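Bear in mind the structure is a predicted one, so any value in this text is a computation, not a measurement.
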Amino acid sequence: MSRYLDPKNDLVFKKVFGEHPRILKSFLNAVLPLPNDCQIEELEYLPSEQVPVIPGLKRPIVDVKCRDNKGNIFIVEMQMEWTDSFKQRLLFNAASAYVRQLDRGEGYVLLNPVYGLALVNQNFDSDPTQWYHHYNMVKVGNAEKIIEGLTLVFVELQKFPIKTKHEKRLKILWLRFLRELSHQISEVSEDLLAIPEISEAIALTEESGFTKAELETYDRYWDGISTEKTLLAGRFNEGKAEGIAEGKAEIAKRMLQQGFSIEQITFLTGISDLKP
């Protein structure tokens with residue numbers, strides 16, 4: 001019985017999507033908001049560029065960069081932990097790829113569109129129905145008028161509905177591949193296996209296809225994620241505690257100004273070191 005590795009792990013993600021253009025082409029055609037007459041036909045991989053790290057996140061973000069036969073550029077990033085800075089990072093990455101298409105003196109007409117796709121394994125939008133976030137540069141008051149060039153898409157993997165009449169079936173199946181496959185399962189849904197490209201991707205995640213050194217790297221990645229979560233939670237709790245203390249101090253100050261006694265303020269706020 002096969003044992004599968006989680007494709008969200010950077011090692012597995014790059015093996016599946018960073019080494020097999022046929023699989024990546026199927027994935028991008030399904031997930032990105034491409035017009036029917038602009039579907040990707042061929043892909044070539046491009047070297048990923050160094051971009052600024054996100055403060056507080058020590059692990060590198062998994063990314064794959066490629067270009068199709070029409071010159072369009074695609075950047076795919078897999079992020080386990082959400083932070084608002086991640087939006088700016090993807091924008092920076094996509095914008096850098098856009099401007100670097102031209103050498104000095106070349107005309108802007110030579111610029112091709114750049115698509116940035118971020119797959120996030122954490123919910124970040126408070127609306128439970130919003131899981132697919134598509135951004136374009138549009139005119140305020142008339143979203144139908146678009147300045148072409150940059151498209152950003154953020155997908156919340158944990159939130160999308162598996163059964164929906166409003167999304168393309170292949171999009172949902174590819175996202176299910178990312179969400180459902182993990183080292184905890186030994187059987188895969190027949191719906192996923194029925195799609196040749198997804199079936200091929202599933203085969204690439206089988207543990208038996210990885211060396212001992214690769215499996216050790218795979219485990220270290222998850223250890224790093226757990227450590228990072230702990231550190232982020234600690235920073236959040238520290239900041240929350242500091243905020244509460246500052247709020248109480250401000251309330252106590254105002255109560256003093258309004259004539260409350262120190263005993264009353266101490267009873268209500270818990271602050272015992274007040275000075276008149």
Side-chain angles (χ1 to χ4, degrees), residues 1-28 30-31 43 45-51 53-54 56-66 74-83 86 89-90 93 117-124 154-160 173-189 191-193 195-234:
M1 186 174 291
S2 298
R3 180 174 181 263
Y4 301 96
L5 301 185
D6 194 322
K8 295 184 291 296
N9 184 289
D10 60 354
L11 175 72
V12 186
F13 188 91
K14 286 185 175 178
K15 180 175 182 178
V16 173
F17 295 110
E19 299 178 9
H20 299 83
R22 176 171 172 267
I23 292 176
L24 182 60
K25 180 182 74 171
S26 172
F27 176 72
L28 292 178
V31 175
L43 283 177
Y45 289 106
L46 301 172
S48 297
E49 299 158 352
Q50 286 296 112
V51 297
V53 298
I54 294 177
L57 296 180
K58 302 303 182 184
R59 302 197 61 76
I61 294 174
V62 184
D63 65 318
V64 173
K65 185 177 177 183
C66 59
F74 304 89
I75 298 167
V76 187
E77 299 190 341
M78 179 70 237
Q79 175 63 10
M80 296 300 295
E81 296 296 315
W82 174 259
T83 169
F86 187 54
R89 183 190 186 280
L90 184 63
N93 207 354
L117 172 61
L119 305 158
V120 187
N121 194 47
Q122 191 177 58
N123 296 342
F124 58 86
F154 296 84
V155 178
E156 297 177 78
L157 291 177
Q158 299 300 322
K159 192 191 288 184
F160 76 89
L173 290 175
W174 266 119
L175 295 179
R176 281 182 57 192
F177 162 77
L178 285 171
R179 189 166 82 179
E180 294 178 10
L181 248 71
S182 74
H183 58 272
Q184 298 175 334
I185 70 168
S186 57
E187 295 184 4
V188 181
S189 168
D191 290 345
L192 301 181
L193 293 171
I195 306 299
E197 292 83 2
I198 299 181
S199 180
E200 184 179 348
I202 290 170
L204 290 169
T205 70
E206 290 187 12
E207 183 182 27
S208 58
F210 292 80
T211 66
K212 181 179 180 181
E214 287 175 329
L215 292 174
E216 290 174 353
T217 300
Y218 176 87
D219 289 334
R220 283 199 301 273
Y221 175 84
W222 294 125
D223 290 341
I225 290 293
S226 297
T227 300
E228 187 173 287
K229 284 183 176 180
T230 301
L231 291 174
L232 288 174

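In this structure, F13 CZ and L119 CG are separated by 5.5 Å, a value rounded to the nearest 0.5 Å. Taking CG of D63 as the reference point, atom CZ of R89 lies at 6.0 Å (rounded to 0.5 Å). Distance check: L178 CG to L173 CG gives 11.5 Å after rounding to the nearest 0.5 Å. Between F124 atom CZ and Q79 atom CD the span is 11.0 Å, to the nearest 0.5 Å. Expressed to the nearest 0.5 Å, how far CD1 of I23 lies from CG of L43 amounts to 12.0 Å. We find the OG1-CG distance between T217 and N9 to be 9.0 Å, quoted to the nearest 0.5 Å.
Scanning for ring-ring contact (aromatic ring centres under 6.0 Å, His included) contacts around F160 gives W131, with sequence neighbours left out. Under the side-chain contact (heavy atoms from CB on, under 4.5 Å) criterion, E19 pairs with K15, sequence neighbours left out. Residues passing the salt bridge (charged side-chain N to carboxylate O under 4.0 Å, His left out) test with E200, sequence neighbours excluded: R22. The salt bridge (charged side-chain N to carboxylate O under 4.0 Å, His left out) search around R176 returns E180, D191, not counting sequence neighbours. Take S199 and apply the side-chain contact (heavy atoms from CB on, under 4.5 Å) test, not counting sequence neighbours, and it matches L193. Under the salt bridge (charged side-chain N to carboxylate O under 4.0 Å, His left out) criterion, E207 pairs with R3, sequence neighbours left out. Legend: residues meeting side-chain contact (heavy atoms from CB on, under 4.5 Å) with S208, ordered by chain and number and at least two apart, are E206. With sequence neighbours excluded, the residues satisfying ring-ring contact (aromatic ring centres under 6.0 Å, His included) with F27 are F17, W174. Residues passing the side-chain contact (heavy atoms from CB on, under 4.5 Å) test with Q158 are N121, N123, R179, sequence neighbours excluded. For K159, the salt bridge (charged side-chain N to carboxylate O under 4.0 Å, His left out) partners are E156, not counting sequence neighbours.
Between L157 and K8, the closest heavy-atom pair is CD1-CD, 3.9 Å. Residues K65 and P47 approach most closely at CD-O, 3.7 Å, considering heavy atoms.
The shortest side-chain heavy-atom distance between L24 and Y45 falls under the 4.5 Å cut-off. Side-chain contact between M80 and Y221 is present, with at least one heavy-atom pair separated by less than 4.5 Å.
Although no hydrogens or angles enter the test, the distance criterion places no donor-acceptor pair under 3.5 Å between the side chain of Y4 and the main chain of E187. Side-chain N or O atoms of Y218 include one that pairs as donor or acceptor with a backbone N or O of D6 at under 3.5 Å.
Screening L90, L28, I75 against L117 for a side chain to side chain contact (heavy atoms under 4.5 Å, CB included) leaves a single residue, L28.
Taking the six-membered ring where tryptophan is involved, the planes of W222 and H183 are tilted, since the angle between them lies from 30° to 60°.
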